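Single-structure report; data block below.
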2 protein chains.
Amino acid sequence: MRQKRTTIIDLAKACNVSKTTISFAFNNPERIGKDTYDLIMQKAQELDYIPNPAGRNFSLKRKQTIGFLLPQHFEGTLSNPYITQVIQGIGNICNIKDYTLTLIPPFNGSMNEAVYKVSVDGLIAMGINVKMDVVESLRKMFIPFVTIDGRPGENMPTININDKKASYDLMKEVLKRGHRKISIVALKENLFEKDSKFESTTQIRMAGFEEALNEYNLSINNDNIYIYDEECYLEAGMNVAAKIVKDNKKTTCIVCMSDVIAIGCITYLKQNSFKVPDDFSIVGFDNIQTASIVTPHLSTIMQPSVEKGEIAAKTLFELIEGNAIETLHKILPHEFIDRESLKDIN
Amino acid sequence: MRQKRTTIIDLAKACNVSKTTISFAFNNPERIGKDTYDLIMQKAQELDYIPNPAGRNFSLKRKQTIGFLLPQHFEGTLSNPYITQVIQGIGNICNIKDYTLTLIPPFNGSMNEAVYKVSVDGLIAMGINVKMDVVESLRKMFIPFVTIDGRPGENMPTININDKKASYDLMKEVLKRGHRKISIVALKENLFEKDSKFESTTQIRMAGFEEALNEYNLSINNDNIYIYDEECYLEAGMNVAAKIVKDNKKTTCIVCMSDVIAIGCITYLKQNSFKVPDDFSIVGFDNIQTASIVTPHLSTIMQPSVEKGEIAAKTLFELIEGNAIETLHKILPHEFIDRESLKDIN
DNA sequence: CTGAAAGCGCTTACAG
DNA sequence: CTGAAAGCGCTTACAG
């Protein structure tokens, strides 16, 4: 076996033709003579020549890949089925376009550094805001991008559900069923959102909760409403349930901003001989598959995660191909799914 | 705002220096004078210059990304938590190396075509065999690669558990508890394995099952053992459970090659008022997180999925960096996890 | 401390 | 039908 990969020059020499002709053989065979073509293909076989996509892509000023900016490191991102499903959706479109999907973790904690070093035709991010550094970098680099669960801003395509309404709907259900002592488990803000000057999804959902609470003369600062912040892991859900039990505030319902956390709560409570929903009602957010597997089945807000990814990717490809996009800020439907974990205590 | 991305040439002109100097400013600032450096940085700001990683990478003959060859399209791959965890493991190492991870779906159904078009420093694949086309292509392209759950072959690093022993252990437990009428749900072979001349993980696990069965004077062809092939989806698990019920062969235990399928079975059976494990015992394979969430908790074979990914990635980076690797074929430990879904019927 | 030039592996407008 | 040459955006050995 040879020592280095065969290049177009090696093959050109071996065939006594120019690089141009080799290139044509592989990309526009109709432009060259049959004999030349046959010779080239035969020699290509002999020399194990496979055109190097890196060279081709560089010359064509494209990358044949789009990027997905992970909101956190891999472990924190891929352990959340909601995000995994968004990635599935993006992937479905990549499949159609024969593109690959580059997963981009923060480079030593910084999204912006990651963006600097990355080579993609376009980018999808979660939860970014027009005013963030990343957005400015992306613009300087002329990299098209769209954001999922980010705040709509000028000239930045976004895909969202109506988070405020969704969380309002969720809390409203909880209140309708008679719950007045409520523990809210919010999402710890991610890397993008650390900067408190930006409105985050967490904050928006809080506003939705508040609106529903107000209708019942309650508010987030009320003595009966308790707030917890957690990372989005099953274990975090178990820990927060332990805290809630220990705090002993007579909470009747735990409202989580994520199914993963809600399922963690259920798991902990069951392990510790509490009855769900008799001792504690629990609701979640996202409607991941496990929500309908866990016992009791989790009542939650369904959001179309795969579709979010698909629409984001479709939009991104429009941008990459230089086409106009119909709607800059797309809002997808959500729905309260009533299963077993929310009890009517009226 | 300008119309095109600023290049090194634009900046060189604006600063009245050579491209070399610009390049040094960004990569070896100690090699140039302070004044020149300051000027360059200031102009870079003004002109929104960010070095183009595509150019840099191409020049350096690297890609700063490794690839993961998806065994199927995105949806089928990412909906399996086992694979998602392998990807997490790979990602953990990418994080350390400041590399991105490129997910590569088959290009119109062909892994080989995908490989042809892709530009990565190295590749991790699942379930490939030395004799496959992909392997030959990868070699022609001088792309280092390692395979997870593939058949060990010369000069191809592999990461596996001992699948034969693991499935033997699993079946042995089932038999020890008195089960004699057993339905086995095998994995439908994936793209890589379609070619029946290659030994697949499915086949190896079957051999492990057989070995245990033989010890009890049973065999796969025995009248009491029923074989089903299914894709690795929850829905497929539900369907196969329906079939098993309908076939009415007095099966007492369903042995699945994947937790996803096993959980699908449980879900179906519960929905249809069967008791697990009283009416049917069920065991799985992988030990995904949901295995300990579903009721009854699933007894299964644990395999270290995240670690598989991590070791694969570490090995790949050794290859990329031209270092020697200690063990060509790594075998990781597995373990039978006894939970609630396998009943002793002795 | 700085620059001219060659090179990374291709594509393609242009000429013949 | 085929080729010489310029170009994609950088890096770097070499010279001064």
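In this text, all values refer to a predicted model and were calculated from it rather than measured experimentally. Per chain, numbering begins at 1; letters A, B, ... match sequence-line order.
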- Task: Taking only the side-chain nitrogens and oxygens of B:Arg56, find out if one of them lies under 4.0 Å from OP1 or OP2 of D:dT11.
- Result: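 Yes, B:Arg56 has a side-chain N/O under 4.0 Å of OP1/OP2 on D:dT11.
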- Message: Which label fits B:Phe58 and A:Phe58: parallel for a plane angle under 30°, tilted from 30 to 60°, or perpendicular past 60°?
- Response: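 Rings of B:Phe58 and A:Phe58: parallel, as their planes differ by under 30°.
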Give [X] one of three labels, base, sugar-phosphate or nothing, depending on what nucleic acid heavy atoms sit under 4.0 Å from its own.
X	answer
B:Asn27	sugar-phosphate
A:Tyr49	sugar-phosphate
A:Ser23	base
B:Pro51	sugar-phosphate

Any residue meeting side-chain hydrogen bond (donor to acceptor under 3.5 Å, both in side chains) with [X], in chain and number order, not counting sequence neighbours:
X	value
A:Asp133	none
B:Asn80	none
B:Asp98	none
B:Thr36	none

Nearest whole Å is fine: how far is [N] [atom2] from [X] [atom1]?
X	N	atom1	atom2	result
B:Ile50	D:dG9	CD1	C1'	15 Å
A:Tyr116	D:dG9	OH	C1'	17 Å
B:Asn57	C:dC10	CG	P	17 Å
B:Ile22	D:dT11	CD1	C1'	13 Å
B:Ile8	D:dC8	CD1	P	13 Å
B:Asp121	C:dC8	CG	C1'	14 Å
B:Asn52	D:dT11	CG	P	10 Å
A:Asp10	C:dG9	CG	P	9 Å

With 3.5 Å as the limit, what N/O pairs link the protein to nucleotides 2-4 of chain D?
{"from": "D:dT2", "atom 1": "OP1", "to": "A:Thr36", "atom 2": "OG1", "distance (Å)": "2.5"}
{"from": "D:dT2", "atom 1": "OP2", "to": "A:Gly33", "atom 2": "N", "distance (Å)": "2.8"}
{"from": "D:dT2", "atom 1": "OP2", "to": "A:Thr36", "atom 2": "OG1", "distance (Å)": "3.2"}
{"from": "D:dT2", "atom 1": "O4", "to": "A:Arg31", "atom 2": "NH2", "distance (Å)": "3.3"}
{"from": "D:dG3", "atom 1": "OP2", "to": "A:Ser18", "atom 2": "N", "distance (Å)": "3.0"}
{"from": "D:dG3", "atom 1": "OP2", "to": "A:Ser18", "atom 2": "OG", "distance (Å)": "3.3"}
{"from": "D:dG3", "atom 1": "OP2", "to": "A:Thr21", "atom 2": "OG1", "distance (Å)": "2.5"}
{"from": "D:dA4", "atom 1": "N6", "to": "A:Thr20", "atom 2": "OG1", "distance (Å)": "2.6"}

- Task: Could you walk me through whether A:Lys43 and A:Glu46 pass salt bridge (Lys or Arg N to Asp or Glu O under 4.0 Å), step by step?
- Result: CA-CA 5 Å; A:Lys43 287 278 178 198; A:Glu46 280 173 31; 3.7 Å; yes
- Just need the stems in DNA chain C: three or more back-to-back Watson-Crick or G-U pairs, each with both distances under 3.5 angstrom, sorted by first number.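 So far as stems of 3 or more pairs are concerned, DNA chain C shows C:1-3 with D:14-16, C:5-12 with D:5-12, C:14-16 with D:1-3.
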- Got a sec, which pairs hit ring-ring contact (aromatic ring centres under 6.0 Å, His included) with one end in residues 105-134 of chain B, sequence neighbours left out?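 Qualifying pairs: none.
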- Message: On DNA chain C, compare the nucleotides closest to B:Gly55 and A:Leu60; which residue's is nearer the 5' end?
- Response: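 Here B:Gly55 is the residue nearer the 5' end.
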- Query: Got a sec, which residues hit ring pair (Phe, Tyr, Trp, His ring centres under 6.0 Å) with B:Phe68, two or more places apart in sequence or on another chain?
  - Reply: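 Result, ring pair (Phe, Tyr, Trp, His ring centres under 6.0 Å) vs B:Phe68: none returned.
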- Task: Hey, could you give me each pair passing salt bridge (Lys or Arg N to Asp or Glu O under 4.0 Å) that has a residue in residues 312-324 of chain B? Not counting sequence neighbours.
- Result: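 Residue pairs passing salt bridge (Lys or Arg N to Asp or Glu O under 4.0 Å), neighbours aside: B:Lys97-B:Glu321.
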